[in-house]
**Student:** 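First the structure, then my questions, so here it is.
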Amino acid sequence: MQKFYITTPIYYVNDKPHIGHAYTTVAADVLARWHRIRGDEVFFLTGTDEHGEKISEAARKNSTTPKEFVDSVVKKYIDTWKILQISNDDFIRTSQERHEKAVAEFIKRMDKSGDIYKGEYEGWYCTPDETFVTETQLKDGKCPFCGREVRRIKEESYFFRMSGYRDRLLELYKSNPSFLSPDFRSEEILNRINAGLKDLSITRTAVSWGIPFPLDTKHTIYVWVEALINYISALGLGTEKFSAFWPADVHLVGKEINWFHSVIWPAMLMSAGFDIPDMVFAHGWWTIEGTKMSKSLGNAVDPVEMSRKYSSDAFRYFLLREMPLGQDGDFSERAMKARINSELASEMGNLLHRTISIAEKYDGKIRGRPELDKTLNISEIDRKVCTLDTFGALEEIWRFVKEANKYVNQKEPWHLEGEELSEVLCNLLEACRVISILIYPFMPSTSSEMAKQLSCTEKPELKNCSFRNEAPRPKKGSLLFKKYE
RNA sequence: AGCGAGGUAGGGUAGCCUGGAGUGCCCGCCGGGCUCAUAACCCGGAGAUCGGUGGUUCAAAUCCACCCCUCGCUACCA
C-alpha cells in the first residue's frame, strides 16, 4: 500500500473563504479521495494561518481580541469545508500549541546548522499600513497599497542564510523535475534563483501577535516562515504519523505563493535536516465574469452560496471541469449552469435515468457479456489524476458517458427482449456503476445516490471498476441533477 | 523593466515539446434519426487567413526571429 500526503496552504483568516480558497481545497479533496479509492493510505491536511499584524488589526477593528477574532473566522472555514464535503484528516491552526512546539523545534534545528544570524533589516516602511514595502513594489515612491508616504527604517532582525542553499536547490530541481509543477513554472523559479538568492529575514520586533522566536523572545517569527512549518507540525515531530507520512507527496498551492513553497520551504527543510516533499504544484487563478476578483470590486464568489444554489457536487464539478489545474480560468454562473445542464443533467443524469427506466420494464435476471467496457480506459484516467490532470481525467470519464449514451441509441433496447435485452441492460447498468465510482472523488453525494439507485452496496473502489457479468435490479430514485433556467 | 503564461470557427478549449492536408472536443446554430429518458439521446452539416510579419523546410498551428494584445510573478501584505 502506498502512502499519500497532500496539503493545501493554510489560509490567512482575515476574512471568510472565497472561490480561490474553495478551489484549492476542493482540488486537494478530489486528489485525496481518488487516492483513497485506489487503495492508498491518505493523509489530507488543511488549516489556517492565524498570526501577524493584519490579524491584530482586523481584531481591533472588530473591537475584539486576536484570539476571539481568529476563532470566529476559523469557524467559517470549518463550516464551509463541511458544506463542500472536504474530507481532510486533520485541521491545523497556527495558534495551536502543537504548532508552536514544532516551530520552536524546527527553528532550533536550523540554528544548529549555523544558518541563523542576527542582523539588521532595512527597507521602506508604510507606517499606517504597518508593513514593509519592497523597492520594486513602490508606486511613484509611495506605498502601493494605500498611496501614502513611506519612510526608510532599520529594524533588528534574525536572518536565515538562504543564500547558501542555491546549489542544493538547483540540484533538487534537477534530480526531481516534478518538484516544480506544472513544468512551465520551473523556468520562472530557476530564472529568479539564478538572478541571486538573498538571505531571509525571519523575525519581527514590531509584531506581537505571533510565535515568540525561541532564540530571542523580544522577536516573533515572521508569519510566512512559521506558517510553512504547519506541514510538519500537523504530523507531530517524532511521532509514528510523522515517519509514516513525511515527506509530503503534494503541496497544492496557488501560483502567487509558489516562491515560498518551491524555494524558501525546501531550503528551510534542508537546513533543519528533513526530507524534501515530492511535488509543489501551483494552480492557476479564477477571474470572475472576465474580470479580476478583488475586494474593491466586491465580486468575490461565495462558495457557500454557490453550493446552496447549485449543490456542492455541481460546484465542485465545475471548478475542476472548467479549467485544467495550473491554468487560469473564468468563473461565471452562466458557464456553470451550462455545464450542469448539458454534462451533469442531460448526459450523465439522463443516462442513469433512461437506463433504469428500461431496466424496470424487464423482469428477468440481468446478465450479459461485457462489451461497452472496451471504450473505457481506467488506467489512463488513473494516470491522469495521479499526475494532477484532473481536467483530462474528467474529459476521459465523460467520453465514456457519451459512449454509453451512444450505445443506447445503437442497441435500441426498447425494441429488444429476452436475452438480448438482458445483455444490453447489463452493460448499461455496469457502465453506470463504474461511472458512479469514477465520479466519487469529484461528486461524492451524487456518486452515492447513483450507487443507491443501482442497488450497489459496495464502497467505491477503483479495483471494482471492471465490468461484471451480472447486475442487480436497480430502483429509480430522484433525478441526479435538475436543469437551470 | 525583467521573467513567465496565453492569443486556434460566434464563444470556450485540445493539439504545439517529438513539423506532414486545419485534426479533435464542449456550448451555440442548421438539417436528419430515435422515442427508453430530464424538450433529453444519436447521426450529419455550416462556420477558422490557427494574433501579425519575416525566416528555416519538400512541408509550419507546431521550429526560429521580431512585433502587437491579454494575464500573472518580481522575495518579506499569506
Side-chain angles (χ1 to χ4, degrees), chain A residues 9-14 48-55 57 121 123 126 129-137 143-145 157 162 182-204 222-225 227-228 253-260 263-264 282 284-285 287 290 292 321-324 326-330 334-335 338-339 341-361 391-392 395 398-399 402 404-416 424-425 428 476 478-483:
Chain A
I10 47 175
Y11 303 112
Y12 204 62
V13 285
N14 56 352
T48 46
D49 182 8
E50 308 182 10
H51 290 125
E53 212 40 43
K54 285 274 173 195
I55 300 283
E57 196 185 309
Y121 180 76
C126 173
D129 274 3
E130 297 184 64
T131 180
F132 281 98
V133 180
T134 62
E135 194 78 37
T136 48
Q137 283 176 320
C143 173
F145 309 112
S157 173
M162 193 163 71
D183 53 2
F184 62 77
R185 294 273 169 214
S186 60
E187 215 157 329
E188 210 168 288
I189 297 289
L190 287 174
N191 281 335
R192 279 179 66 187
I193 288 193
N194 283 325
L197 201 56
K198 285 190 256 177
D199 286 348
L200 184 73
S201 160
I202 58 169
T203 68
R204 295 287 181 274
Y222 171 45
V223 280
W224 250 122
V225 166
L228 287 164
V253 302
K255 62 182 178 180
E256 77 285 2
I257 55 174
N258 196 18
W259 177 260
F260 292 91
V263 179
I264 298 176
W285 272 32
T287 52
K292 246 191 280 186
R321 186 69 181 92
E322 186 68 3
M323 73 183 190
Q327 305 259 75
D328 290 345
D330 186 59
R334 203 172 48 128
R339 289 218 182 260
N341 290 350
S342 69
E343 291 164 14
L344 296 182
S346 295
E347 290 175 350
M348 188 184 76
N350 187 45
L351 172 68
L352 179 76
H353 197 229
R354 70 198 297 211
T355 298
I356 295 182
S357 293
I358 300 165
E360 283 184 340
K361 288 172 187 159
F391 178 85
E395 260 183 348
W398 249 258
R399 197 163 296 145
K402 284 162 192 286
N405 271 319
K406 239 178 252 189
Y407 182 80
V408 180
N409 285 54
Q410 278 164 7
K411 295 287 179 181
E412 302 189 326
W414 48 91
H415 288 155
L416 301 176
V424 170
L425 274 174
L428 286 171
K476 203 182 266 181
S478 53
L479 295 179
L480 296 179
F481 293 95
K482 60 176 196 305
K483 296 189 180 177

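Throughout, protein chains are lettered first and strands after them, A, B, ... in sequence-line order, and every chain is numbered starting at 1.
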**Student:** Name all residues meeting the side-chain contact (heavy atoms from CB on, under 4.5 Å) criterion together with A/K476; count only those two or more places apart in sequence or in a different chain, and write none if there are none.
**Tutor:** A/H353, A/I356, A/S357, A/E360
**Student:** So if I take every side-chain heavy atom of A/H353 and compare against B/rU35, B/rU38, B/rC73, which nucleotide ends up nearest?
**Tutor:** B/rU38
**Student:** With C1' as the reference atom in both, quote the distance from B/rG28 to B/rG11 in angstrom, rounded to an integer.
**Tutor:** 8 Å
**Student:** Counting only side-chain heavy atoms from C-beta out, which of B/rC34, B/rA37, B/rC42 sits nearest to A/S357?
**Tutor:** B/rA37
**Student:** Nearest heavy atom decides the nucleotide; on that basis, is A/Q410 or A/G349 closer to the 5' end of RNA chain B?
**Tutor:** A/G349
**Student:** Rounded to whole Å, how long is the line connecting atom CD1 of A/I358 with atom C1' of B/rA40?
**Tutor:** 13 Å
**Student:** Let me know, please, whether A/A345 or A/H51 comes out on the 5' side of the other along RNA chain B by nearest nucleotide.
**Tutor:** A/A345
**Student:** Please identify each residue that fulfils side-chain contact (heavy atoms from CB on, under 4.5 Å) with A/S346, with sequence neighbours left out.
**Tutor:** A/K483
**Student:** Under the ring-ring contact (aromatic ring centres under 6.0 Å, His included) test, which residues partner A/W259, sequence neighbours left out?
**Tutor:** none
**Student:** Hey, what are the protein-to-nucleotides 30-33 of chain B N/O distances that come in under 3.5 Å?
**Tutor:**
{"residue": "B/rG33", "atom": "N2", "partner": "A/N409", "partner atom": "ND2", "Å": "3.2"}

**Student:** Expressed as a whole number of Å, how far does the C1' atom of B/rC26 sit from that of B/rU62?
**Tutor:** 23 Å
**Student:** For residues A/V13 and A/I55, determine if any side-chain heavy atom of one lies less than 4.5 Å from a side-chain heavy atom of the other.
**Tutor:** yes
**Student:** Please produce a list of atom pairs where a protein N or O lies less than 3.5 Å from an N or O of nucleotides 10-15 of chain B.
**Tutor:**
{"residue": "B/rA14", "atom": "OP1", "partner": "A/Q327", "partner atom": "NE2", "Å": "3.1"}

**Student:** What distance, rounded to whole Å, do you find between the two C1' atoms, one in B/rG19 and one in B/rA9?
**Tutor:** 23 Å
**Student:** Give me the distance, rounded to whole Å, that separates B/rG22 from B/rA61 when you measure between the P atoms they each carry.
**Tutor:** 6 Å
**Student:** Using a cut-off of 4.0 Å on non-hydrogen atoms, how would the nucleic acid contact of A/K198 be classed: base, sugar-phosphate, or nothing?
**Tutor:** base
**Student:** Can you tell me if A/K361 touches the phosphate of B/rC36, counting only side-chain N or O atoms and a distance under 4.0 Å to OP1 or OP2?
**Tutor:** no
**Student:** Once side-chain contact (heavy atoms from CB on, under 4.5 Å) is applied, do any residues pair with A/R354, and if so which ones, sequence neighbours excluded?
**Tutor:** A/N350, A/N405, A/V408, A/N409
**Student:** Looking for any heavy atom pair under 4.0 Å, which part of the strands does A/Y11 touch: base, sugar-phosphate only, or nothing?
**Tutor:** nothing
**Student:** Would you indicate, yes or no, if B/rA40 has its OP1 or OP2 atom less than 4.0 angstrom from a side-chain nitrogen or oxygen of A/K483?
**Tutor:** yes
**Student:** Measure from the side-chain heavy atoms of A/K402 and tell me the nearest of B/rC34, B/rC26, B/rC36.
**Tutor:** B/rC26
**Student:** Would you classify A/I257 as touching base, sugar-phosphate or nothing, given that sugar-phosphate means primed atoms plus P, OP1 and OP2, and contacts are heavy atoms under 4.0 Å?
**Tutor:** sugar-phosphate
